[in-house]
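Below is one structure, written out as structure tokens; the observations come after it.
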There are 2 protein chains.
Amino acid sequence: MANPRSRTRPARTGSGVTLQQVAEHAGVSLATASRVLHGSGTRTVGEELRRRVESAAEELRYISNAPAQALARSTSAVVGLIVHDVADPYFGAIAAGAMRAAREHRLMVMIAATFREPGLELEYLRGLRAQRARAVILAGSGTTDAAATARLAEEIAGFEADGGRVVCIGERDPELDTVAMANHAGGGLAVRGLWELGHRRIGVVSGPEELLTVSQRLDGARDALRSLGARLDPADVRTGDFTRAGGRAAAVRLLTERPDLTGVLVLNDVMAAGALAGLRDDLGLSVPDRVSVVGFDDVPFAADLRPSLSTVRLPLEAAGEAALRLLLDPAPDTPASPRRIPLDADLVLRGSTAAPPER
Amino acid sequence: MANPRSRTRPARTGSGVTLQQVAEHAGVSLATASRVLHGSGTRTVGEELRRRVESAAEELRYISNAPAQALARSTSAVVGLIVHDVADPYFGAIAAGAMRAAREHRLMVMIAATFREPGLELEYLRGLRAQRARAVILAGSGTTDAAATARLAEEIAGFEADGGRVVCIGERDPELDTVAMANHAGGGLAVRGLWELGHRRIGVVSGPEELLTVSQRLDGARDALRSLGARLDPADVRTGDFTRAGGRAAAVRLLTERPDLTGVLVLNDVMAAGALAGLRDDLGLSVPDRVSVVGFDDVPFAADLRPSLSTVRLPLEAAGEAALRLLLDPAPDTPASPRRIPLDADLVLRGSTAAPPER
DNA sequence: CTGTTAGCGCATTCAT
DNA sequence: ATGAATGCGCTAACAG
């Protein structure tokens, strides 16, 4: 594995060395060198030449030129991953899963963060098209903005027409391959969990209404409540940004204006962390004695909050992996029906939930 | 598969449209089309032609071919970012900062996670070289493994010889441009903070010894103690993985074997979260009444732990931004001295620290 | 099994 | 200001 430091010779650094040079150095043709170094499958090169090429490449410190390869074979080894925010643990987990799978397939991942700026998703998708990414994972939630959605759909169609593959994490467009997160079911699980603990006055701290993820989770909660013979009063729902600060503010408003609530479902864990802080520090309400709180996602730090956060667990890393696998799997030669990988949600009850206070 | 020319009609979708086609559609030469669409600086194209090319591109839904451009101009618009783990909030924050800056410069970010597997860093650096990334940010900590370090240095040298730029986040190699994190100083700040609160028996929950980041932080703590007239007994230090579980196990061992300790410095927040859990759940030791705990990094969830975590704050996002800026800044035509951007650390005292218990 | 040849899509001199 | 001609490094037929 060590390298024979036989320096002081012609060939300088591994710099700008081309396949052509490797071929010459090995005394073979360009084609042969290409076959042994990048040969796809058919290893039809004699033992002797193969060896010569390999050592020549090693000696010259040859490094293949991916852009050139991409140009020649019109397909690259890079996949794109578009998220809202890498610093958000939800996306961090998804990215980790996708990257782990990417590594197995020796793919490079080009990542783009929209920082929740609408329009940036489209821009990055174009950028990824320009890079000739082989596929793209749309990890962020879809939107109810029809115009934006239409433009994005058009861009996606173009990308697919070019042979690019696209998969979404979370329902977004029924036409697209998607790794379906149990958002609706999860919302229901949370509500039922609270209900079973005895809660009858349940409220929701929601995220931006235009996010599909949000509306799915909210609908799940609403439907569950209805099936339980109750209903979700719009006044028992408060909206905030999908951030810690947003969760804190919304939770404080909710409990201030609807003090009879005993159970609160917060639509994601990051917001829940803020909600816990707000209830405790701003309102002095004890969780879970006075109010029970259920989060959503089960990000890594959820169990470390105090009280530890009861939450709806989503298999985030698995989602990332599944998405990447979907990207590579059986070629879509069967453009028949878009594929869909449904992932389950579980309710994890921890310290932030308990029976409602006596009254 | 793909059929060149002899297309019956002007290509339909935005698919496979080439600059050549745009040029023809606009009735100009390839060169002119290139100048208006990708023209770097010199905008020497007549108003009329410019307009024609632009609308042709728009009409045909032209999307430039980055690999082809990279090949032709032998430089790309992608920068690489190598981290240990994207799901770790420390790297998440750095990545967010880098990506924000990348966006400003219209750069695409290719990200790679080594998942702390030694050797993978080298492999990914090669991959990034193959992609002809314009620059690479090495965000993970360096190692004391001399062999690995040497091989990496060689690879870096090759990359730079090819015109690639490299910057490290955290000291690693004095020859390289680096965004210096105040690891040593931070370790000192933490110890002094504890000392000032009255602690005289201070221990450390450390990370893998081979990580430079770890040894720097540890040295900082050790030096501060010494300057305070005390010393860090090796027996007061326990090592664990740079993970929550690692922190928990190490903290439990430390306090079990050294029960007289009243203050503990945990070398990163993720480990600290585990330490807090271990002290509380495994040993039943109250923080901060019985033991004070100080973490390192100040990741987003640090303030949400209970007790909220006192920690050494590092400007993570700023580091990511600084690294990316360093990559682009004044060309290194002055290979004189590698540049170094020092970033400060602050001690943030929260709920996990207090005066030591009376005795 | 190995060498020849013709592009892939675009940036760039070099003329005009 | 604009066009024609070259070549970037590599893959993929297509011969031998």
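This is a predicted model, so every value here is computed, not measured. Sequence lines set the chain letters: A, B, ... in the order given, protein chains first and strands last, and positions in each chain run from 1.
Dashed line: the shortest gap from a side-chain N or O of A/Thr44 to OP1 or OP2 of C/dC1 is not under 4.0 Å. Taking 4.0 angstrom as the limit, A/Thr18 places none of its side-chain polar atoms (N or O) nearer than this to OP1 or OP2 of D/dG9. The phosphate of D/dT11 (OP1 or OP2) has a side-chain N or O of A/Ser34 nearer than 4.0 angstrom.
Counting to the nearest Å, the P atom of D/dT11 and the CG atom of A/Leu37 are 9 Å from each other. Atoms CG (B/Leu19) and P (C/dC8) sit 14 Å apart, rounded to a whole Å. Spacing between atom CD of A/Gln20 and atom P of C/dT4 amounts to 10 Å, rounded to whole angstrom units. At whole-Å resolution of the value, CD in B/Glu48 and C1' in D/dT2 are 13 Å apart. Between A/Asn65 atom CG and C/dC8 atom P the separation is 18 Å, expressed in whole Å. What separates CD of A/Glu24 from C1' of C/dG3 is a distance of 14 Å, to the nearest Å. B/Asp162 places its CG atom 11 Å from the P atom of D/dG9, with the value rounded to the nearest Å. At whole-Å resolution of the value, CZ in B/Arg132 and C1' in C/dC10 are 17 Å apart.
We find the OG1-CG distance between B/Thr18 and B/Leu30 to be 7.5 Å, quoted to the nearest 0.5 Å.
Judged as a side-chain contact (heavy atoms from CB on, under 4.5 Å), and not counting sequence neighbours, the contacts of B/Ala23 are B/Val28, B/Ala33. B/Glu317 pairs by the side-chain hydrogen bond (donor to acceptor under 3.5 Å, both in side chains) definition with nothing, not counting sequence neighbours. Annotation: side-chain hydrogen bond (donor to acceptor under 3.5 Å, both in side chains) contacts of B/Glu54 (sequence neighbours excluded): none. A/Phe159 is linked by a side-chain contact (heavy atoms from CB on, under 4.5 Å) to A/Arg129, A/Val136, A/Val166, counting only residues two or more places apart in sequence or in another chain. The side-chain hydrogen bond (donor to acceptor under 3.5 Å, both in side chains) check on B/Glu321 picks up B/Arg325, with sequence neighbours excluded. Applying the side-chain contact (heavy atoms from CB on, under 4.5 Å) criterion to A/Ala147, with sequence neighbours excluded, gives A/Asp145, A/Arg151. B/Ser29 pairs by the side-chain hydrogen bond (donor to acceptor under 3.5 Å, both in side chains) definition with B/Thr32, not counting sequence neighbours.
Taking the side chain of A/Ala31 as heavy atoms from C-beta on, and the options D/dA4, C/dG9, C/dG3, the nearest nucleotide is C/dG3.
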Please tabulate, for side-chain N and O atoms in residues 69-81 of chain B, each donor-acceptor pair with protein atoms closer than 3.5 Å (sequence neighbours left out).
{"unit_1": "B/Gln69", "atom_1": "OE1", "unit_2": "B/His38", "atom_2": "ND1", "d": "3.2"}
{"unit_1": "B/Ser76", "atom_1": "OG", "unit_2": "B/Val78", "atom_2": "N", "d": "3.3"}
{"unit_1": "B/Ser76", "atom_1": "OG", "unit_2": "B/Arg132", "atom_2": "O", "d": "2.7"}

Please set out all donor-acceptor pairs under 3.5 angstrom arising from side-chain atoms of residues 94-110 of chain A, sequence neighbours excluded.
{"unit_1": "A/Arg103", "atom_1": "NH1", "unit_2": "B/Glu123", "atom_2": "OE2", "d": "3.3"}
{"unit_1": "A/Arg106", "atom_1": "NH2", "unit_2": "B/Glu123", "atom_2": "OE2", "d": "3.3"}

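For the helix from C/dC1-D/dG16 to C/dT16-D/dA1, the rotation axes defined at the first and last 5 base pairs enclose an angle of 30°, given to the nearest 10°.
A distance-only check finds no donor-acceptor pair linking the side chain of B/Arg116 to the backbone of B/His84 [under 3.5 Å]. A/Asp173 places a side-chain N or O within 3.5 Å of a backbone atom of A/Glu175 that can act as its donor or acceptor partner.
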Would you list the protein and nucleotides 14-16 of chain D atom pairs, both N or O, that sit under 3.5 Å from each other?
none

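Counting non-hydrogen atoms under 4.0 angstrom, A/Leu30 reaches a base of the nucleic acid.
Proximity of residues 66-76 of chain A to DNA chain C (heavy atom under 4.0 angstrom from any strand atom) is restricted to A/Leu71, A/Ala72.
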